[in-house]
Amino acid sequence: MFDKLNNKLEKIPAGFINFLTIFSSAVTIITPLIGFFTIRKMNLEEKNLFIAIYIVTLTITGSMLFNMYRYMIKYRKILVGVKFIISEKFFYMNRQFRNSYFDIIQTRKDGKLSVEYLTTKVEGVLKSSLDDICEIYRAFTGQKVSACVKYIDSVGSVKLSTATIRTFVRSTNTAIKRCEFDNNLTKPIYIKDNSDFYDILSPNSDRSYFYQQNLVEYAKECEKQGSRYRNSTPDWYLYYQGTIVVPISIANKRLNRKKSCYDVLAFLCIDSMSTEAFLKSEENYNINIARAVAAQMYIMLSQYRQYLKELTEVRKHYD
């Protein structure tokens, strides 16, 4: 019942809500003033009764205005705190991306770059950034979220029929069972078996990201329409109810390639057990935050892919 009510409330235009807030505040202030001038026109007996009612009304109005002021101060402090967390985490995240990127370049110049160093360094910076993302979304949505990077195991063009994907790194707050599932995999995970990734990459889809406030309801809606929400994680609904997935990619034209599509290396996945984390009304805000982080992650993963290829070829040469 409450979910349906929330969905209906979300559809009310913000402008209309602001109008009602201003109108009700104006009525609250004007009503006592009208009462004051009304008293002046009354006889003594009527005045005594009305004055009593007037005093009660003034007391209630004053109490309401005082509480409104308290809540305004309270939410202002909360808003300042949210802004601080978001700005601080974005600063730390971008600084770490920059520093790690040039650390790897310098290590390569010094002839000390190895597969182990490269992988550990990139996993470390991505894990730290995922933890920062979780803090940003917790501050923004008020709900606990977790995040991970899913890396595409392919070089060059991605063939949707055979392309596989693996978990590259997860945020620290991820449920242990999800990490165990990653570690105990005995068979590849295909992109075609996951709607979140497939719908983004499919040439028949117009989606550039995947965003669902309530995946369980979305899965039911898919069934009603004769399709199916695919997810290769067993009992996925026990781990998350809402999700955001954005590609870690860049347009091929930025790489001086003739292809018009994108070079997709991985996916940034953010999810929550709460269906109130990723509201439909806040889709644009939530997606823009995820895209901003994914853009930085592409730089790190592109460097990782390039240097890993170089190191692998050197190993093969000496083997």
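Numbers for residues simply follow the sequence, beginning at 1.
In summary, the side chains of Thr167 and Lys150 do present a donor paired with an acceptor at a separation below 3.5 Å, with no hydrogens or angles considered. For the residue pair Ser232 / Asn194, a side-chain donor-acceptor distance below 3.5 Å is found, with atom types taken as modelled. Side-chain contact, Ser202 with Arg207: no donor N or O sits under 3.5 Å from an acceptor N or O.
Residues Phe181 and Tyr239 are not in side-chain contact: their nearest non-hydrogen atoms beyond the backbone lie 4.5 Å or more apart. Here the side chains of Ile133 and Leu268 are in contact, with some heavy-atom distance below 4.5 Å. Side-chain contact between Ile287 and Ile244 is present, with at least one heavy-atom pair separated by less than 4.5 Å.
Under the 3.5 Å distance criterion, the side-chain polar atoms of Gln213 are matched with a main-chain donor or acceptor of Thr275. With Ser272 contributing its side chain and Ser274 its backbone, the two residues share a donor-acceptor pair below 3.5 Å. Judged by distance alone, the side chain of Ser205 and the main-chain N or O of Asp199 form a donor-acceptor pair under 3.5 Å. Of the possible donor and acceptor atoms, none in the side chain of Ser128 sits under 3.5 Å from a partner among the backbone N and O of Val125. Judged by distance alone, with hydrogens and angles left aside, the side-chain atoms of Asn214 form a donor-acceptor pair with the main-chain N or O of Glu217 at under 3.5 Å. Side chain of Gln303 to backbone of Tyr101: a donor-acceptor contact under 3.5 angstrom is found. A side-chain donor-acceptor contact under 3.5 Å links Lys127 to the backbone of Arg170. Side chain of Ser227 to main chain of Cys222: a donor-acceptor pair is present (N/O by atom type, distance under 3.5 Å, no hydrogens or angles). Formation of a donor-acceptor pair under 3.5 Å by the Tyr137 side chain with backbone atoms of Ala290 is found in this model. For the pair Ser146 (side chain) and Thr174 (backbone), a donor-acceptor distance under 3.5 Å is absent.
Residues that satisfy the ring pair (Phe, Tyr, Trp, His ring centres under 6.0 Å) test with Tyr298, not counting sequence neighbours, are absent from this structure. With sequence neighbours left out, Arg230 forms a side chain to side chain donor-acceptor pair (under 3.5 Å) with no residue at all. For Tyr237, the side chain to side chain donor-acceptor pair (under 3.5 Å) partners two or more places apart in sequence, or in a different chain, are Asp235.
Expressed to the nearest 0.5 Å, how far CG of Asp193 lies from OG1 of Thr233 amounts to 11.0 Å. Between the CZ atom in Arg291 and the CG atom in Asn286 there is a gap of 12.0 Å [rounded to 0.5 Å]. Phe210 contributes atom CZ, which lies 7.0 Å from atom OG1 of Thr243 (distance to the nearest 0.5 angstrom). Annotation: the span from Glu276 atom CD to Thr141 atom OG1 amounts to 10.0 Å, rounded to 0.5 Å.
Aromatic pair Tyr240/Phe278: centroids not less than 6.0 angstrom apart. Checked against a 6.0 Å centroid threshold, the rings of Trp236 and Tyr229 count as neighbours.
Using cut-offs of 30° and 60° for the angle between ring planes, the Tyr151 and Phe168 rings count as tilted.
Lys89 forms no cation-pi arrangement with Tyr92, by the criterion of a distance under 6.0 Å to the ring centre and an angle within 45° of the ring axis.
Of the residues Gln212, Gln241, Arg178, the one that meets the side chain to side chain donor-acceptor pair (under 3.5 Å) test with Asp271 is Arg178.
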